[in-house]
Amino acid sequence: MHPLAKLDQRFLWHPFTQMRDWLAQEPTVIVSGKGATLRDVRGRQYLDANSSIWTNLHGHAHPAVNRAIEAQLAKIAHSSALGLANEPATYLGKRLVEAAAQTQSGLARPPKLNKVFFSDDGSTATEVALKLAYEFARRTTGTRSPRFLSLAGAYHGDTVGAVSLGHIDLFHKAYGGLLFRSDQVMAPYCYRCPFNRAKPQRADAREYRKCRWECIDKVEARLAAQARRGNPYAAMVVEPLIQGAAGMIAHPRGWLRRTSELVRAFGAQLIADEVLTGFGRTTAPRPEAGPSSNARTAKRSPAPAEPARDRDPATPSDGDLLFACQKEEVVPDFLVLAKGLTGGYLPMGATLTTQNVFDAFLGEYQEFKTFFHGHSYTANQLGAAAGLASLDLLQAPAHARRRENLAAKLQEELAHLWRLPAVGDIRQVGLIAGIELVRDSRTRTPYELRERVGIRVCEAMARRGVLTRPVGSVIVLIPPYCTTHTQIERTVQVLGEAIEETLRVK
Ligand SMILES: *Cc1c(COP(=O)(O)O)cnc(C)c1O
């Protein structure tokens, strides 16, 4: 065993990991990365098919992000945001507010989300939204015990407040005694929806569903019931367009928009957790980039060259909207960001909110209306510098088209997986995909968690040089934006082979 692997096994405890399994085999030790590939200590190369747990945007060791961090490092790595401002964090705050104000017409609306509170990661950014919404509700409505609503299967982080908003029994049940109560409501999970009367087809269940939007009726009923008690929800928390850790549950178009209207109508605020979906992840496949248009050229060229001329800079395209909420023209009261915020280089979180919420915390010092919350590394300069470099890349003229093409390529490749009977549903939202494996696709019969089907398929992928992690029996593909079309082909091909090998079905 490699000495580093030994040291790891001797001293470290890994997240979400059964350490007995970990200790039973030699761990892969990563030493470097370049673009969409990772290299281990033995010189083996892997494709990073889940962007290092959904964080990386532009690939590893990107020269522009590296340069920005190095330039900042030469000035200062960190000074406190307690009592002091700093250069990159102020710029980043401005850029985030502007990006969130973008609309489909390409015009910026007056920013409604105009204040940025920095923290360390997705969990702390969620905690900030939670505490602000709680205190805002107490101050403005006089409620003594504001309550929160979130979706079945929700995951918003691992700190105790964030866990309280979550509804994944496997992760959360053990800590019940530590948590505050929050309510859950049905998630729009078309493939497993009891109201969907359609027989399973070889297509994304959202496309052939037969229902009357009962999922939205459920949200309305829940909001109404709570309001009738004279204690409307302080906020509803949602992951817009797709719930990640819940199992890559992609929501049908229109659900977010209608839900946000209901939330407002019942006097609650909307917290959008875009820790996964933010920063271009939900960029829709470019419609005209059909199977034929790029399949042939992509075979040889290492990077999908983007002809600058075919893009009129005045016409906004889907990829110009960096946040999932914007795709349904929803402006939340809180926008929670992390993972891709620094391009996946450094830990940092941000919570955007409104003037209204900000104002509720203004007062004379002795009124003690201050938001008494903060972290030692709040507004860290290195993270902010990486975030600025990442935004520059994301907002460069050809970048949106490049993501749209990559999403189209992913869509085209994923369609090949329908040949496998174990594939029950393929859900793609931009550059996020979940492939749900089932024992019987005619009846949607799931595998049991203890069969570790997702884990086994991912192990078979790793042996073929492609790294990702499953959520239960759902295989997750979240490629970095620099992934080439050839690498996408390889990723999906390896996934198909791994499913065949693991489940021994052709
Ligand atoms: C990952 C994730 C979080 C938690 O973020 P951390 O940085 O891991 O604390 C919260 N919400 C969503 C939607 C996530 O995917």
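This chain uses plain numbering: 1 for the first residue, then up along the sequence. Indexing begins at 1, ligand by ligand and atom by atom, following the structure's order.
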Nearest-contact summary for [atom] - protein heavy atom, Å:
| atom | answer |
| --- | --- |
| atom 11 (N) of ligand 1 | D273 OD2, 2.7 Å |
| atom 2 (C) of ligand 1 | K339 NZ, 2.6 Å |
| atom 9 (O) of ligand 1 | S123 OG, 2.6 Å |

Quick check on contacts: which atoms of ligand 1 are under 4.0 angstrom from a heavy atom of [X]?
| X | value |
| --- | --- |
| G122 | 4 (C), 5 (O), 6 (P), 7 (O), 9 (O) |
| E239 | 13 (C) |
| D121 | 7 (O), 9 (O) |
| W54 | 15 (O) |
| G157 | 4 (C), 10 (C) |

I'd like to know whether CZ of R109 has more than 12 heavy-atom contacts from other residues, nucleotides or ligands below 6.0 angstrom.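 Result for CZ/R109: enclosed.
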For H58 and H399: C-alpha separation, side-chain torsions, deciding distance, then whether ring pair (Phe, Tyr, Trp, His ring centres under 6.0 Å) applies.
CA-CA 10 Å; H58 311 288; H399 204 277; 5.6 Å; yes
- How long is the gap from CD on E70 to CD on Q72, to the nearest 0.5 Å?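 E70 atom CD to Q72 atom CD measures 12.0 Å (nearest 0.5 Å).
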- K94 bridged to E98 by N-O distance under 4.0 Å: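 Answer for the salt bridge query: yes.
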* Asked: Between D320 and R403, is there a salt bridge with N-O shorter than 4.0 Å?
  ->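 Looking at R403 and D320, the cut-off is not met.
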- Task: Return the option from D158, V275, L165, T126 holding the heavy atom at the smallest distance from atom 3 (C) of ligand 1.
- Result: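 Among D158, V275, L165, T126, the closest heavy atom to atom 3 (C) of ligand 1 belongs to V275.
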Over all atoms of both residues, closest heavy-atom pair of V97 and P111 =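 Looks like CG1-CB, 3.6 Å.
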Could you pull out every donor-acceptor pair under 3.5 Å between side chains of residues 465-479 and any protein atom, sequence neighbours left out?
| from | atom 1 | to | atom 2 | distance (Å) |
| --- | --- | --- | --- | --- |
| T468 | OG1 | V476 | O | 2.6 |

